[in-house]
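This chain uses plain numbering: 1 for the first residue, then up along the sequence. For ligands, and for the atoms within them, numbers begin at 1 and follow the listed sequence.
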Amino acid sequence: MTETASIASAIASEPSLEELWMPFTANRAFKRAPRMLASANGMYYTSVDGRQVLDGTAGLWCVNAGHCREPIVRAVQEAAATLDFAPGFQMGHPYSFALAERVAQMLPGDLDHVFFSNSGSEAVDSALKIALAYFQSKGEPQRTRFVGRLRGYHGVGFGGISVGGIEPNKRAYAAQLLPQVDHMPHTHDLARNAFSRGVPAHGAELADDLERIVRERGADTIAAVIVEPMAGSTGVLIPPKGYLERLRGICDRHGILLIFDEVITGFGRLGTPFAADYFGVVPDLMTVAKGLTNAAVPMGAVFVRHGIYDTVVNSAPTGIELFHGYTYSGHPLAAAAGLATLELYRTEGLFERAASLAPYWENALHSLRGLPHVIDIRNLGLVGGIELEPRAAAPGARGFDVFIQCFNRGALIRVTGDIIALSPPLIIEKRQIDELVGTLTDVIKSVS
Ligand SMILES: Cc1ncc(COP(=O)(O)O)c(C=O)c1O
């Protein structure tokens, strides 16, 4: 048997489900009633039992160009056969330099340096470290505090869960979180903003909470503020009009770095290259992952403003300037996937496509208004959030039922508690938007 044949037979022979400890999954329930995907193409998955499943979530907010795209497949295959791996410490290879050069051309403002990681979580921890290293280099070593936001998700590293604002993600690890972190309030306000189309009107003043933290802690103790410009994982929380501008202004006034975590908003999700472009607010550091390689090979990155890179690199004595990096930083296969992905975004105009589909998407989503238990619908770019009223004493149960029924009827959605989050690949067609919304309509009607 050839090696590929033996991999194929290992997959085909219905492997045991016991050994794998699945991430962010109810392992026992899943293993009793598994939901397995076998292949993917374009807008659709195929389940192991041969059903077509429309991908309403671009995998996990990451397959922005659609699945198994031929140019990306080819680029990864070629890189695997040309340079499977090369060390990135004190050595280099053209793939990672080429991707850094290419992606830097897309960045707003003077964000023009790129540090590669393998995931969004690693990108976030790298950005936090770069912020600390910057202030050390700049002669402000007392700036060591971070500010995050409630309901923020910044991955699962100790840095990310500390600045993040999701209680269950911290509970078991609370004894060892980063010690100097404050949180601003989140911006979700159903009372004032329910059923907003696009950016909601109310809540810019919530950014002023940063002034409170500055007063309490002292401006010169705070290194950086990190926010998702649009919070995705906790249920599509769209920033109120003027909020991000206000945050930028307060950071500037007090010499605090602003980090945008664009792991899900990066690479066209809002119809612009980055949320920074959509809102016209440029951060000092930006974290990305997911859409950078269309998720074909894992990769994350931190984008860094010119002055931050220069300060760290030029103020170091000779030798290594930043004591940080990953074995797989800038891995050739990931970088090749990234190069092919960016080219696909460009040649197919996928960001512009997302922008031009956004009004159709908005109208389709808001047609769900009035269905049972729907208490909010929100949208931005090709993102949608539909909030359902939780069942008394069983928060999350209604959302999970909707998720299961949608999957059974051929649509993959994502739920966070009772909030449905939608983020299809940017290649979605209008008829597929109708298909997705049609399935949701039937399911929401049928779930009590
Ligand atoms: C905003 C944000 N930051 C960080 C992460 C973590 O990325 P990863 O799962 O690649 O570590 C995510 C993942 O969804 C995210 O949405």
| query | Do any nitrogen or oxygen atoms of E228 come within less than 3.5 Å of a nitrogen or oxygen of ligand 1? | reply | no
| What part of S233, side chain, backbone, both or neither, has a heavy atom within less than 4.0 angstrom of ligand 1? | side chain
| said: Classify the ring geometry of F400 against F403: parallel below 30°, tilted from 30° to 60°, perpendicular beyond 60°. | reply: tilted
| said: I'd like to check which ligand 1 atoms, numbered from 1 as shown, lie under 4.0 Å from a non-hydrogen atom of I264. | reply: 16 (O)
| query | Are F116 and H331 close enough that their ring centres sit under 6.0 Å apart? | reply | no
| task | Report yes or no: is the cationic atom of R51 (NZ for Lys, CZ for Arg) closer than 6.0 Å to the six-membered ring centre of F407, at no more than 45° off its axis? | result | yes
| Looking just at side-chain N and O atoms, do H373 and E387 make a donor-acceptor pair shorter than 3.5 Å? | no
| note | of all protein heavy atoms, closest to atom 10 (O) of ligand 1 is G120 N, 2.9 Å
| field | Nearest-contact summary for atom 14 (O) of ligand 1 - protein heavy atom, Å | value | K290 NZ, 3.0 Å
| query | How far is atom 12 (C) of ligand 1 from its nearest protein heavy atom, and which residue and atom name does that atom have? | reply | Y153 CE2, 3.4 Å
| remark: Numbered in order shown, the ligand 1 atoms found under 4.0 Å of a heavy atom of D261 are 1 (C), 2 (C), 3 (N), 4 (C)
| Relative to the heavy atoms of S119, which atoms of ligand 1 are at a distance of less than 4.0 Å? | 10 (O), 11 (O)
| task | For ligand 1, note which part of W61 has a heavy atom under 4.0 Å away: side chain, backbone, both or neither. | result | neither
| field | Worked verdict on I308 versus I130 for side-chain contact (heavy atoms from CB on, under 4.5 Å) | value | CA-CA 8 Å; I308 294 176; I130 290 171; 4.0 Å; yes
| task | Kindly assign one of parallel, tilted or perpendicular to the pair Y345 and F351, based on the angle between their ring planes and the thresholds 30° and 60°. | result | tilted
| Nearest-neighbour protein heavy atom for atom 9 (O) of ligand 1, which is reported as residue plus atom name and distance | S121 OG, 4.4 Å
| Aromatic ring proximity F274/F267, centre distance under 6.0 Å | yes
